[in-house]
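Below is one structure, written out as structure tokens; the observations come after it.
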Amino acid sequence: MWKIIGHHQVQTFFEHAQSAGRLSHAYLLTGPTHVGKRTLALAFAQAILCTAEQASPPGSPCGVCPACMKVQSASHPDLRIIRPEDGKKTLGIDPIRALILAAALQPQEGRHSIFLLPNAELLSLEAANALLKTLEEPASHTMLLLTATDEQLLPTTIASRCQIVPVGLVSANEIEAALITRWNIAAKRAQELSILSAGRPGWAIAASQHPELEEQRASWFQIMATLCESGPTQRIKIAAKLAQETDTLAELLSVWVFWWRDVLLSSEGYNLPASQENKKREQYVRLVQPVLARQMIEHIQEALQQLEQNANPRLVLEALLLELPSFRQEEKIPTQR
């Protein structure tokens with residue numbers, strides 16, 4: 001009854017913890033965006049709050065009891081989702097103070113009070129320090145579920161007091177099957193989306209309902225291709241323009257990681273699934289050594305971390321784009337700027 005796409009090892013881990021009564025007071029689920037961290041955390045909360053006498057498999061949510069239904073409708077009084085206040089991009093001190101007060105109270109219906117903090121890397125330093133005491137001295141009934149793209153984006157004091165649960169990518173076959181059976185997507189379209197998702201079921205589901213996401217992804221791929229054929233001056237101009245799109249900047253860089261990942265796989269002899277995007281990349285693959293593709297993935301990941309740490313977006317992008325290899329038409333081999 002998990003109703004999760006993939007992540008079988010994580011599901012088994014949660015089942016064993018729940019059925020054996022060996023629950024930690026805090027879990028930190030880490031992994032790429034749109035991979036299913038929040039969905040897993042909610043399903044785990046549902047399993048903990050489930051009131052069914054027996055579930056199959058043991059430790060999973062039954063999905064039909066009143067408690068499970070309340071979790072699904074976001075109305076369970078013992079489950080609170082902690083988000084930034086309206087209009088704010090960081091998770092500040094006030095929501096955490098409210099969490100601390102609520103955590104001191106007894107659960108209303110079940111045996112646990114569960115607090116879910118999606119994107120915990122958004123915690124301000126003040127909020128993280130306030131949360132620390134709850135993590136250090138939790139009430140027996142209190143559980144915190146945090147999600148983040150990388151544990152290193154959180155203060156060490158926070159991450160070290162949570163049980164880390166890595167959440168990896170999902171196979172294209174599993175995503176394709178789920179799109180067909182659960183969302184009634186045509187087989188050919190489901191296959192296309194599963195390939196484009198690069199292992200992130202959340203993106204595939206969203207793109208199946210909102211085609212503009214796929215168009216945006218294609219445009220970001222085209223920007224990378226343009227950058228690889230541009231000189232320093234044009235790259236600086238593009239960096240200035242992209243830096244203004246702060247709401248989508250992290251997603252853009254994540255897409256670029258997948259662009260270079262596919263270049264890396266191709267340069268090492270892996271045959272990528274046939275697509276228009278992969279066909280466009282073939283001209284670069286012939287010029288790229290695996291070591292260069294790996295370096296670019298590392299550079300982009302470093303830029304993502306810098307942005308998460310509130311570095312200046314324009315400076316981060318300028319430094320990154322100037323590191324890109326050059327595939328200008330007059331050049332025979334790629335050069336490093």
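Atom set for the values below is all heavy atoms of this structure, side chains included, hydrogens, waters and symmetry mates excluded.
- At distances below 3.5 Å, not a single donor-acceptor pair connects side-chain atoms of Thr149 with backbone N or O atoms of Gly31.
- Among the candidates Leu131, Leu122, Ile81, the single residue satisfying the side-chain contact (heavy atoms from CB on, under 4.5 Å) test with Leu117 is Leu131.
- The two residues Ala120 and Leu154 come nearest to each other via the heavy atoms O-CD2, 3.0 Å.
- With values rounded to the nearest 0.5 angstrom, Ile164 atom CD1 is found 9.0 Å from Leu29 atom CG.
- No side-chain heavy atom of Phe115 sits under 4.5 Å from any side-chain heavy atom of Leu145.
- Residues Thr30 and Thr147 have side chains not in contact (no heavy-atom distance under 4.5 Å, counting atoms from C-beta outward).
- Under a 4.0 Å N-O distance rule, the pair Arg200/Glu251 qualifies as a salt bridge.
- Residues Gln305 and Leu153 are in side-chain contact: their nearest non-hydrogen atoms beyond the backbone lie under 4.5 Å apart.
- Note that the CG atom of Leu196 and the CG atom of Leu213 stand 11.5 Å from one another [nearest 0.5 Å].
- In this structure, Ser266 contributes its side chain and Val263 its backbone to no donor-acceptor pair below 3.5 Å.
- Linking ILVMFWY side-chain heavy atoms closer than 4.5 Å, directly or via other members, places Met69 and Ile114 in two distinct hydrophobic clusters.
- Salt bridge status for Glu318 with Arg314: present, with a side-chain N to carboxylate O gap under 4.0 Å.
- To the nearest 0.5 Å, atom NE2 of residue His34 and atom CD1 of residue Ile205 are 11.5 Å apart.
- The backbone N or O of Gly110 lies less than 3.5 Å from a partner atom in the side chain of Asp78, making a donor-acceptor pair.
- Considering all non-hydrogen atoms of both residues, Leu321 and Arg235 come closest at O-NH1, 2.8 Å.
- To the nearest 0.5 Å, atoms CG (Leu49) and SG (Cys65) are separated by 9.0 Å.
- Taking the charged nitrogens against the carboxylate oxygens, Asp247 and Lys89 do have a contact shorter than 4.0 Å, which makes a salt bridge.
- By the criterion of side-chain heavy atoms lying less than 4.5 angstrom apart, applied directly or through intervening Ile, Leu, Val, Met, Phe, Trp or Tyr residues, Leu23 is grouped together with Leu42 in one hydrophobic cluster.
- The closest side-chain heavy-atom distance from Gln191 to Glu176 is below 4.5 Å.
- Cluster annotation: Leu144 and Val167 are assigned to distinct hydrophobic clusters (Ile/Leu/Val/Met/Phe/Trp/Tyr, side-chain heavy-atom contacts under 4.5 Å, transitive).
- Pairing each heavy atom of Ser24 with each of Gln163, the nearest pair is CB-OE1, 3.6 Å.
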>> Using side-chain contact (heavy atoms from CB on, under 4.5 Å), reason through Ile300 and Trp259 one step at a time and then give a plain yes or no.
In response: CA-CA 11 Å; Ile300 298 170; Trp259 193 92; over 6 Å; no
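- Hydrophobic clustering keeps Leu135 apart from Ile93 (ILVMFWY residues linked when any side-chain heavy atoms are closer than 4.5 Å, directly or through intermediates).
- The shortest non-hydrogen separation linking Ala47 to Gly59 is CB-O, 3.4 Å.
- For the residue pair Ile5 and Val170, the shortest heavy atom distance occurs at O-CG2, 3.6 Å.
- In this structure, Leu132 is not a member of the same hydrophobic cluster as Tyr27, with clusters built from ILVMFWY side-chain heavy atoms closer than 4.5 Å.
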> Where do Ile48 and Arg111 land on the side-chain contact (heavy atoms from CB on, under 4.5 Å) test, with the steps shown first?
Replying inline: CA-CA 9 Å; Ile48 295 168; Arg111 292 179 297 175; over 6 Å; no
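- Remark: the backbone N or O of Gln18 is not paired with any side-chain donor or acceptor of Arg22 at under 3.5 angstrom.
- Using a 4.5 Å heavy-atom cutoff, the side chains of Val64 and Cys68 are not in contact.
- For the atom pair CG of Leu179 and OG of Ser197, the computed distance is 8.0 Å after rounding to the nearest 0.5 Å.
- For the atom pair Leu253 CG and Leu317 CG, the distance stands at 6.0 Å (nearest 0.5 Å).
- Pro95 and Gly92 get closest at one heavy-atom pair: CD-O, 3.3 Å.
- Atom CD of Glu268 is surrounded by more than 12 heavy atoms from other residues, nucleotides or ligands within 6.0 Å.
- Contact annotation: the side chain of Glu151 approaches that of Leu28 to within less than 4.5 Å [non-hydrogen atoms, C-beta and beyond].
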> Given the rule in the side chain to side chain donor-acceptor pair (under 3.5 Å) test, do Ser171 and Glu174 qualify, once you have shown the distances and angles that lead to the verdict?
Replying inline: CA-CA 5 Å; Ser171 72; Glu174 288 182 295; 3.2 Å; yes
> What do the steps show when you test Asp262 against Leu265 for side-chain contact (heavy atoms from CB on, under 4.5 Å), and what is the final call?
Replying inline: CA-CA 5 Å; Asp262 286 349; Leu265 290 173; 4.2 Å; yes
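- For His112 (side chain) and Ala45 (main-chain N/O), no donor-acceptor pair under 3.5 Å exists by modelled atom type.
- Between Phe44 and Phe14, the ring planes lie parallel to each other; the angle is under 30°, not in the 30° to 60° tilted range.
- Between Met296 and Leu324 the shortest side-chain heavy-atom distance falls below 4.5 Å.
- In this structure, Arg217 is positioned above the aromatic face of Trp203, its NZ or CZ under 6.0 Å from the six-membered ring centre and within 45° of the axis.
- Using a 4.5 Å cut-off on side-chain heavy atoms (C-beta onward), Ser254 and Leu304 make contact.
- Using a 4.0 Å cut-off between charged nitrogen and carboxylate oxygen, Glu85 and Lys88 count as a salt-bridge pair.
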> Stepwise, does the side-chain contact (heavy atoms from CB on, under 4.5 Å) test hold for Ile236 with Leu322?
Replying inline: CA-CA 8 Å; Ile236 294 296; Leu322 291 175; 4.0 Å; yes
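- By the neighbour-count criterion of 12 heavy atoms within 6.0 Å, atom CZ of Arg182 is densely surrounded, having more than that number from other residues, nucleotides or ligands.
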